[in-house]
Amino acid sequence: MCGRYSETKDINVLEERFDLQIDKKYKPNYNASPGNVLPVITNKDPKNLTFMQWTLLPHWSKERKIKYSTFNAKAEELTEKPSFRSLITTKRCLVPASGFYEWKDVTPEETDMFGQRLPNPKTKKEKQIYFINLKSDELFAMAGLWDEWIDQKTGEIVSSFTIITTTANELVKPIHPERMPVILTRETEKLWLDNSLSKEQLLALLTPYEAQEMKAKPLPGIVDFPNPK
DNA sequence: CCAGACGTTGTT
DNA sequence: GTCTGG
DNA sequence: CCAGACGTTGTT
DNA sequence: GTCTGG
């Protein structure tokens, strides 16, 4: 899945990579989390960064808060889910990232008084965090959907987005066996924002990224990933 | 008809 | 255990 | 995704 | 908003 990512490149690198004019203040973020307001590039305004809350709030929601998990959307089920199905044709976005994080469950070694490894360790589960990105260390775009919710009392508009997931590729599987974010290539990211494509053409873009173009690195902790200068 | 759900991941 | 906030 | 909270009454 | 279950 994708529940934490980073965007640690300088504003100039981001502008050049995605051909943007950035007027709003933008800060690199090594710890982008669900609920945060983060920059995306929408099909509606592809030359600018748009800041939205990560966790999709459907336009028909009665409450300002959603009670179930919508920070990811399964690519295979997009067209069926009430929260997402209307968005594929009208509200797509790119989520710029320098990498994403996955936590691998680690069963700690436990030995008995003779130094023999116990088959069923009773110690608590531990997790090892990994930073996953492109071998080139370049920025990339994850595929997303967005929506707008209007507060009926105040008229305030809350914009939000979700990151689409697909099956884990060979690089991610050992860390996190099931899911990973959809990462687009420089070619398919243009198509994802293209309003002339059919729904079928768009859905065909949502495939796992080439594993050989990616790398993973264990980190001592999420805050230990170096910030840009 | 109305009421209620609407989601993802990984698991004991 | 389960929900909320970030 | 993880980390942290998870409660009440009456008051210094 | 729109579908499902009762």
Side-chain angles (χ1 to χ4, degrees), chain A residues 1-8 27-40 51-91 95 97-108 119-133 142-152 157-169 172-183 199 206 208 216-225:
Chain A
M1 75 188 308
C2 182
R4 207 68 73 96
Y5 68 92
S6 74
E7 210 299 67
T8 52
K27 266 190 182 175
N29 188 344
Y30 61 84
N31 192 11
S33 316
N36 293 0
V37 174
L38 298 165
V40 302
F51 290 79
M52 297 183 175
Q53 160 192 300
W54 180 17
T55 292
L56 193 125
L57 181 60
H59 58 94
W60 42 258
S61 179
K62 294 186 184 83
E63 310 284 332
R64 189 198 186 84
K65 303 208 59 116
I66 191 153
K67 294 186 180 63
Y68 46 92
S69 183
T70 54
F71 60 90
N72 285 158
K74 288 185 80 169
E76 304 91 319
E77 294 167 12
L78 277 187
T79 56
E80 300 158 24
K81 300 292 182 181
S83 297
F84 308 128
R85 62 190 169 201
S86 66
L87 306 176
I88 178 78
T89 52
T90 56
K91 291 187 171 68
V95 184
S98 51
F100 63 94
Y101 303 94
E102 295 288 359
W103 282 259
K104 182 181 171 61
D105 286 331
V106 179
T107 307
N120 297 306
K122 298 233 178 350
T123 45
K124 61 183 183 298
K125 287 259 171 87
E126 290 172 4
K127 294 193 173 196
Q128 173 62 56
I129 187 169
Y130 283 81
F131 182 74
I132 302 168
N133 69 335
M142 299 185 286
L145 299 171
W146 59 282
D147 206 348
E148 279 177 345
W149 180 85
I150 299 170
D151 189 326
Q152 293 303 316
I157 296 173
V158 177
S159 298
S160 59
F161 71 98
T162 187
I163 295 173
I164 301 173
T165 64
T166 184
T167 52
N169 65 17
V172 176
K173 261 179 202 163
I175 301 166
H176 199 82
E178 304 297 337
R179 312 292 297 175
M180 63 181 269
V182 171
I183 298 172
K199 187 197 265 191
L206 304 177
K217 170 187 170 185
L219 298 182
I222 204 161
V223 296
D224 298 315
F225 189 76

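Quick caveat, the model's predicted, so the values are computed rather than measured. Each chain gets a letter, A, B and so on, in the order the sequences are listed, and its residues count up from 1. Any value given below was found using the heavy atoms of this structure, including those in side chains, with hydrogens, waters and symmetry copies removed.
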For atom C1', what is the distance between B:dC6 and D:dG7, given to the nearest Å?
32 Å

Which is true for A:E77 with a 4.0 Å heavy-atom rule: it touches a base, it touches only sugar-phosphate, or it touches nothing?
sugar-phosphate

Relative to each other, are the rings of A:W54 and A:F161 parallel, tilted or perpendicular (30° and 60° limits)?
parallel

NZ/A:K81 to CG/A:L145 distance, rounded to the nearest 0.5 angstrom?
14.0 Å

Whole-Å gap separating P (B:dG7) and CZ (A:R179)
14 Å

Any side-chain N or O of A:K62 below 4.0 angstrom from OP1/OP2 of B:dG4?
no

Determine the contact category for A:T165: base if any of its heavy atoms lies under 4.0 Å from a base atom, sugar-phosphate if only primed atoms, P, OP1 or OP2 are that close, otherwise nothing.
sugar-phosphate

A:E178 vs A:S69, nearer the 5' end of DNA chain B by closest nucleotide:
A:S69

Presence of A:T70 side-chain N/O under 4.0 Å of B:dT8 phosphate oxygens OP1/OP2
no

Atom-pair distance (CZ on A:F131; C1' on D:dC1), nearest Å:
15 Å

Grab the CG-C1' distance between A:N31 and D:dA3 for me, whole Å please.
11 Å

Looking at D:dA5, which nucleotide sits across from it as a Watson-Crick or G-U wobble partner, both distances under 3.5 angstrom, or is there none?
C:dT2

Please report the distance separating the C1' of B:dG4 from the corresponding atom of D:dG10, rounded so that it comes out in whole Å.
41 Å

Value in whole Å for how far the C1' atom of B:dG7 lies from CD of A:E76:
14 Å

Distance, C1' atom - from C:dC3 to B:dT8, rounded to whole angstrom
15 Å

Starting at OG of A:S160, measure out to NZ of A:K91 and round the result to the nearest 0.5 Å.
10.5 Å

Ion pair check, A:E76 and A:R179, cut-off under 4.0 Å
yes

Output the distance between atom CD1 (A:I175) and atom CH2 (A:W103), rounded to the nearest 0.5 Å.
12.0 Å

Touch class at under 4.0 angstrom, heavy-atom based, for A:F84 against every strand present
sugar-phosphate

Using atom NZ of A:K67 as one end and atom P of C:dT4 as the other, report the distance to the nearest whole Å.
8 Å

Measure from the side chain of A:Y68, starting at C-beta and using heavy atoms only, and say which of C:dG6, C:dG5, B:dG7 lies closest.
B:dG7

Checking all strands, does A:S83 fall into the base, sugar-phosphate, or nothing category for heavy-atom contacts under 4.0 angstrom?
sugar-phosphate

What integer distance in Å separates A:K81:NZ from E:dC3:P?
15 Å

Using the six-membered base ring of E:dG1, report whether A:W60 stacks on it, requiring centroids under 5.5 Å and planes under 30° apart.
yes

Examine the side chains of A:S98 and A:T8 and answer whether a donor and an acceptor come within less than 3.5 Å of each other.
yes

Using whole Å, what does the distance between atom C1' of nucleotide D:dC2 and atom NZ of A:K127 come to?
8 Å

Atom NZ of A:K104 to atom P of B:dT11: distance rounded to whole Å?
11 Å

Could you give the distance separating B:dT9 and E:dG1 at their P atoms, to the nearest angstrom?
28 Å

